[in-house]
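So the structure is just underneath, and the comments pick up after that.
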Amino acid sequence: MTKIDIKSSLETIQNIAKINQGKNLKYSILTMGCQLNENDSEKLCGMMEEMNYTKVENLKEADLIVFNTCCVRENAEDRLFGKLGEVKKYKEERGTIIAIGGCMMQEKHIVEKLKQSYPFFDIVFGPHTLKQFPIDLYKIIENKKRVEDILDIDGEIIEGLPIKREDAIKASVAIMNGCNNFCSYCIVPYVRGRERSREPKDIIEEVQALAKQGYKEIMLLGQNVNSYLRVERENHIPFEEYEGVNSFATLLRAINKIEDIERIRFISPHPKDFTDDVIEAIRDCDKVCKLVHLPLQSGSTEVLKVMNRKYTKEQYLTLVEKMKKTIPNLTLSTDIIVGFPGEAEEDFEDTLDVVQKVNYEQVYMFIYSRRVGTPGDKMENQIPEEIKHERFDRLKQLVEKQIAIKNKEYIGTIQQILIEGKSKTNETMLTGRTDSNKVVVLEGEDSLIGKNVPLKIVSEHMWYLKGVVVNG
Ligand code: 5AD
Ligand code: SF4
């Protein structure tokens, strides 16, 4: 696999660090969207800290503001434009450098709109040009001329950028970039380019290093994790097998062996690629959480076909049955879109039917949002907004009813909880998660942070459980 040389980026980071030395400069970053974007933001933070900027939350205090944007749904656009309206005055008052990156910048009509309506920005860069960020910034510092750094190419794999992680217990590790599926509602394949996997050795060494630093939970990230290395295998793109890793299943098995890592999670797999070797690896690997996120999108075979998902309602349910049979204590979560073009009442009822049957632990629900450039946007049979909302509410009601029942079932059970830190809403409490990703709060010493402890669940609330440490 071709890897990009980042030498000039690292040199520029050092140059800017010298220029900034002693100036007490601040940066602020706003991340929208998915965990891959959050992972990119951690790299941006790593670069900015090395360049002698210190992080502040308040945009007003920053000398450099970075927006890392998402374009999967429309609301992220509204949020960006709102924020740009706010930072305009900071730019005028104190010359704040404004950089806008992320997936939305791969959309030409958005960059055009920025130039028209928000011409005060300094840098736009896309997810493929992350490593260019220090170089673009240097140009701004040197000659104050606006930089647009967006590549249409699919992007290659970038290794070795500095990274500043948000959390001390949980770390995310991107294992692949891009997507080749072209689901007809989704903009991702157009902005993140074609699927390409990182080398097994780079991933394993990154996880080993994280384990040494004290990280306990690893989240493997990709748009389609269970086709890891598939494109490479099918197209004879050379990669180096390392510790027997040549697929997603073998990757799970190899990471499971890394000492001091307690938990492994992954998002998102695609149901069509959920092969038996992956199901068996989840069953066999003690550290791999038994919560599997299995995006459904729709329960209607007709709608799934138009969405280009390549499975039917029955195939999805059969897969779920097989997984439930093979993996003891399996729990499932999912993504669902309501109101995709042409979705009739019967189609929506099929979605409710699958939700009823699978009984998910968690459902991420989305109202269909038209994305320029996708086939879905061109379809004529768009669903009126009020019907979309009405269906969303009905789905939400069903999901909340199921979750309430499930929460009650947790009471009295003993759950292994990885304690993540202090509760954000109550400093006197600790918080952690079950294997099934449920938030649990508890009273306990700070020394429990980072430990995987058995808790007895004593009460439940809609979005969290309460537990007590089991002694002995
Ligand atoms: N409208 C609504 N939801 C979408 N998603 C992706 N594209 C769209 C869209 N155009 C949802 C899918 C995906 C999740 C990350 O976002 O459910 O799994
Ligand atoms: Fe989008 Fe489908 Fe690829 Fe997921 S698998 S990123 S929904 S095109």
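Atoms within a ligand are numbered from 1 in the order they appear, just like the ligands themselves.
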Shortest protein heavy-atom distance from [atom], along with the residue and atom involved:
atom	value
atom 1 (Fe) of ligand 2	Cys186 SG, 2.3 Å
atom 6 (C) of ligand 1	Val72 CG1, 3.3 Å
atom 16 (O) of ligand 1	Arg73 NH1, 2.7 Å
atom 7 (N) of ligand 1	Tyr185 CD1, 3.3 Å
atom 10 (N) of ligand 1	Ser369 O, 2.8 Å

N, O or S of Cys183 under 2.8 Å from atom 2 (Fe) of ligand 2: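 Within the cut-off used here (under 2.8 Å), Cys183 does place an N, O or S atom near atom 2 (Fe) of ligand 2.
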
Heavy atom to [atom], shortest distance: which of [options] holds it?
atom	options	answer
atom 2 (C) of ligand 1	Ile367, Thr374, Ile336	Ile367
atom 4 (C) of ligand 1	Val338, Thr334, Ile337	Ile337
atom 18 (O) of ligand 1	Asn75, Asp335, Asp377	Asp335
atom 6 (S) of ligand 2	Gln223, Gln297, Arg309, Lys310	Gln223

Go through the side-chain N and O atoms of [X] and [Y] and say whether any donor and acceptor fall under 3.5 Å apart.
X	Y	answer
Tyr27	Glu49	yes
Asn181	Lys310	no
Tyr410	Ser436	yes

Given that the side chain starts at C-beta and the backbone is N, CA, C, O, which of these parts of [X] lies under 4.0 Å from ligand 1, counting heavy atoms, or is it both or neither?
X	value
Gln297	side chain
Phe366	side chain
Pro295	neither

Numbering as shown, the atoms of ligand 1 that approach Arg371 to under 4.0 Å (heavy-atom distance):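 Atoms satisfying the 4.0 Å criterion: 10 (N).
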
Gap separating the CZ atom of Phe274 from the CD1 atom of Ile282, nearest 0.5 angstrom: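 Answer rounded to 0.5 Å: 4.0 Å.
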
Under 3.5 Å donor-acceptor, Arg194 side chain and Pro189 backbone: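 A pair under 3.5 Å: yes.
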
Polar side-chain atom of Asn37 near backbone of Met32 as donor-acceptor pair, under 3.5 Å: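 Judged by distance alone, yes, a pair lies under 3.5 Å.
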
Part of Pro295 within contact of ligand 2 (heavy atoms, under 4.0 Å):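 Near ligand 2, Pro295 shows nothing, with every heavy atom at 4.0 Å or more.
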
Side chain, backbone, both or neither: Tyr185 near ligand 2, heavy atoms under 4.0 Å: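 Side chain only; the backbone of Tyr185 stays clear of ligand 2.
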
Give the atoms of ligand 2, by number and element, whose distance to some non-hydrogen atom of [X] is under 4.0 Å.
X	value
Pro189	8 (S)
Asn181	5 (S)
Phe182	8 (S)

Student check: side-chain heavy atoms of Glu343 and Tyr368 closer than 4.5 Å: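 Not touching, per the 4.5 Å side-chain cut-off.
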
Lys/Arg-Asp/Glu bridge criterion (N-O < 4.0 Å) met for Glu77, Arg371: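 Yes.
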
Arg370/Glu74 salt bridge by N-O under 4.0 Å criterion: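 No, this pair does not count.
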
Side chain to side chain donor-acceptor pair (under 3.5 Å) evaluation trace for Ser300 with Ser298: CA-CA 6 Å; Ser300 151; Ser298 167; 4.6 Å; no

Lys43 charged N/C atom sitting above Phe133 aromatic ring, 6.0 Å / 45°: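 Ring-cation test returns no.
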
Distance flag, aromatic centroids of Phe248 and Phe266, threshold under 6.0 Å: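 Ring centroids of Phe266 and Phe248 are less than 6.0 Å from each other.
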
Atom 3 (Fe) of ligand 2 to nearest N/O/S of Cys179 below 2.8 Å: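 Looking at Cys179, which is the residue asked about, there is an N, O or S atom under 2.8 Å from atom 3 (Fe) of ligand 2.
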
